[in-house]
S.K.: 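First, the structure itself, so that you have it in front of you.
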Amino acid sequence: MAVVLVTGGSGLVGKAIEWQVEHNHPSTNGAKFIFLSSKDADLRNLEQTRTAFMKHKPTHVIHLAARVGGLFKNMRSKVEMMTENIMINQNVLQCAHECGVDRCVSMTSTCVFPDKIPKYPITEDQLHDGPPHPSNEGYAYAKRMLEVLSRAYNEQYDRSYLTVIPTNVFGPHDNYSIEDGHVAPGLMHKCYLAKQRGEDLIIWGTGKPLRQFIFSRDLADLVIWATLTYTGKDSLMLCPDENEEITISELAKTVAECMDFPLDRLKYDTSKADGQEKKTVSNSRLRGLRPDFHFTPFKDAMKISTDWFQENYDKCRM
Ligand code: NDP
């Protein structure tokens with residue numbers, strides 16, 4: 001029986017994988033899933049990582065654990081974003097290899113791709129074609145090295161280590177920190193507070209940057225498939241189709257609608273940074289493999305996410 005060890009199992013994506021397993025998603029195929037959090041092992045530490053791997057003896061690994069943050073945390077903590085992610089990634093891949101794990105699917109991110117792209121949409125092959133945006137270079141280079149290290153294990157030891165690359169993820173169990181979180185959960189939290197206090201909802205930046213979003217449960221579905229069914233080794237973008245790209249302003253309006261907040265009270269603080277103007281990626285490799293994959297419509301997914309946030313406000317990470 002396949003035993004799938006999920007690092008970062010207590011986070012946004014890990015919880016979505018757990019949800020799919022609990023709902024008997026067909027791709028799980030009877031496999032046993034084990035979800036690790038930092039309380040089980042601090043993956044920055046090689047011995048703790050090795051002990052966790054020896055204990056669970058996985059046949060497959062889904063590697064999600066990372067020090068993650070939005071634009072502002074990335075700008076403030078470049079050293080930790082780089083060193084801690086490098087340590088975690090190196091330890092996880094080393095222990096997976098030592099334990100004879102043949103399939104390890106690790107998560108990188110579209111935000112680590114080059115800042116200047118001659119022609120959109122971005123494809124998997126462009127990862128190393130130029131420097132990342134200066135705001136997140138610590139995180140970006142750590143994630144790029146994860147891709148290089150996965151390929152190195154494949155070349156040198158004939159492993160099947162794959163990196164998957166989601167766009168912005170949202171869903172239940174996100175990090176709702178306004179200062180340090182990602183844009184979607186941060187907006188949910190600000191909307192919640194604005195509603196309670198009878199204030200305007202202030203959106204940071206101009207609202208004009210374009211972004212692609214993937215619902216965590218759709219991402220979980222694809223990651224389980226990539227681990228247990230798909231056997232390819234070439235990095236894979238995981239995101240809805242290009243025509244689903246939206247502005248931050250459209251995102252804020254959808255959040256507000258889902259939370260019954262009046263749209264005429266959305267205001268923009270243009271003194272705050274926008275980040276990259278756009279980073280449109282192509283999902284054509286994924287579509288070649290999964291032409292019929294159905295992504296949850298954005299508004300339905302956002303409604304599930306905002307409802308979950310409001311119902312669980314007291315126990316959310318923030
Ligand atoms: P979360 O921040 O929600 O969760 C991070 C997970 O990593 C938690 O389970 C956390 O454990 C674990 N973790 C962090 N540090 C350590 C450590 N030192 N030792 C062991 N475990 C640790 O992340 P997401 O679910 O959002 O992200 C999952 C993956 O997807 C990451 O690799 C991220 O880079 C990538 N990604 C995320 C995007 C997004 O929009 N969220 C976009 C693109 C890529 P604990 O709960 O105990 O702290």
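Both counts, for ligands and for their atoms, begin at 1 and track the order of listing. Keep in mind it's a predicted model, so treat the numbers as computed, not measured.
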S.K.: Just to be sure I'm reading this right: ignoring hydrogens, which of Thr108, Val183, Ile165, Val13 gets closest to atom 36 (N) of ligand 1? Compare them by their nearest heavy atoms.
M.R.: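 Selected option, by shortest heavy-atom distance: Thr108.
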S.K.: May I ask you to identify the nearest protein heavy atom to atom 23 (O) of ligand 1, giving residue, atom name and distance to one decimal place in Å?
M.R.: Val68 CG2, 3.7 Å
S.K.: Give a yes or no on whether a salt bridge exists between Arg50 and Glu98, defined as a side-chain N under 4.0 angstrom from a carboxylate O.
M.R.: yes
S.K.: How far is atom 12 (C) of ligand 1 from its nearest protein heavy atom, and which residue and atom name does that atom have?
M.R.: Gly8 CA, 3.8 Å
S.K.: Quick one: nearest non-hydrogen protein atom to atom 34 (O) of ligand 1, plus distance?
M.R.: Tyr139 OH, 2.6 Å
S.K.: So, Arg67 and Glu80, do they make that salt bridge, N to O below 4.0 Å?
M.R.: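 So Arg67 does not pair with Glu80 through a salt bridge.
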S.K.: Does the distance from a Lys or Arg side-chain N to an Asp or Glu carboxylate O, for Lys303 and Asp307, drop under 4.0 Å?
M.R.: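 The answer is yes: the pair qualifies as a salt bridge.
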S.K.: What atoms of ligand 1 come within less than 4.0 Å of a heavy atom belonging to Asp42?
M.R.: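 Counting atoms of ligand 1 from 1, those under 4.0 Å from Asp42 are 17 (C), 18 (N), 19 (N).
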S.K.: Within ligand 1, which atoms have a heavy atom of Thr167 less than 4.0 Å away?
M.R.: 42 (C), 43 (C)
S.K.: Examine the proximity of ligand 1 to His182 and report which part, side chain or backbone, both or neither, has a heavy atom under 4.0 Å away.
M.R.: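 Answer for His182: side chain.
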S.K.: Do Thr280 and Glu245 have side-chain atoms, one donor and one acceptor, less than 3.5 Å apart?
M.R.: yes
S.K.: If you measure only the distance, is there a donor-acceptor pair under 3.5 Å linking the side chains of His25 and Asp221?
M.R.: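 Yes.
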S.K.: For ligand 1, which atoms have a heavy atom of Pro166 less than 4.0 angstrom away?
M.R.: 43 (C), 44 (C)
S.K.: Is the closest N or O pair between Leu43 and ligand 1 shorter than 3.5 Å?
M.R.: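 Yes: some nitrogen or oxygen of Leu43 is under 3.5 Å from one in ligand 1.
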S.K.: Output the distance between atom CG (Asp102) and atom OH (Tyr157), rounded to the nearest 0.5 Å.
M.R.: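 These two atoms lie 14.0 Å from each other.
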S.K.: Any salt bridge between Lys253 and Glu250, counting N to O under 4.0 Å?
M.R.: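 Looking at Glu250 together with Lys253, the answer is no, because their closest N to O distance does not fall below 4.0 Å.
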S.K.: For Lys143, which part has a heavy atom under 4.0 Å from ligand 1: side chain, backbone, both, or neither?
M.R.: side chain
S.K.: Under a 4.0 Å N-O cut-off, is there an ion pair linking Arg287 with Asp241?
M.R.: yes
S.K.: So which heavy atom in the protein is nearest atom 5 (C) of ligand 1, and how far is it from that ligand atom?
M.R.: Ala66 O, 3.8 Å
S.K.: Considering only the protein, which heavy-atom contact is closest to atom 43 (C) of ligand 1, and what is its distance?
M.R.: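 Heavy-atom neighbour on the protein nearest atom 43 (C) of ligand 1: Ser109 OG, 3.4 Å.
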S.K.: Please indicate whether any nitrogen or oxygen in Ser10 is less than 3.5 Å from any nitrogen or oxygen in ligand 1.
M.R.: yes
S.K.: Is any NZ, NE, NH1 or NH2 atom of the basic residue among Glu147 and Lys143 found under 4.0 Å from an Asp or Glu carboxylate oxygen of the other?
M.R.: no
S.K.: Which residue and atom name correspond to the protein heavy atom nearest atom 29 (C) of ligand 1, and how close is it?
M.R.: Leu64 O, 3.3 Å
S.K.: Looking only at protein heavy atoms, identify the closest one to atom 47 (O) of ligand 1 and say how far it is in Å.
M.R.: Ser38 OG, 2.5 Å
S.K.: How close does the nearest protein non-hydrogen atom get to atom 40 (O) of ligand 1, and which residue and atom is it?
M.R.: Val169 N, 2.9 Å
S.K.: Look up atom OG1 in Thr306 and atom CZ in Phe309, then write down how far apart they are to the nearest 0.5 Å.
M.R.: 9.5 Å
S.K.: Going by the atom numbers of ligand 1, which of them fall below 4.0 Å from some non-hydrogen atom of Ala41?
M.R.: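 Counting atoms of ligand 1 from 1, those under 4.0 Å from Ala41 are 19 (N), 20 (C).
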S.K.: So, Arg285 and Asp125, do they make that salt bridge, N to O below 4.0 Å?
M.R.: yes
S.K.: At a non-hydrogen distance cut-off of under 4.0 Å, which region of Thr7 contacts ligand 1 (side chain, backbone, both, or neither)?
M.R.: neither
S.K.: Do Glu18 and Lys15 meet the salt-bridge criterion of a basic N to acidic O distance under 4.0 Å?
M.R.: yes
S.K.: Does an N or O anywhere in Ala65 fall below 3.5 Å from an N or O of ligand 1?
M.R.: no
S.K.: Report the part of Arg317 (side chain from C-beta onward, or backbone N, CA, C, O) that has a heavy atom under 4.0 Å from ligand 1; answer both or neither where that applies.
M.R.: side chain
S.K.: For atom 24 (P) of ligand 1, which candidate among Asn168, Leu12, Val223 provides the closest heavy atom?
M.R.: Leu12
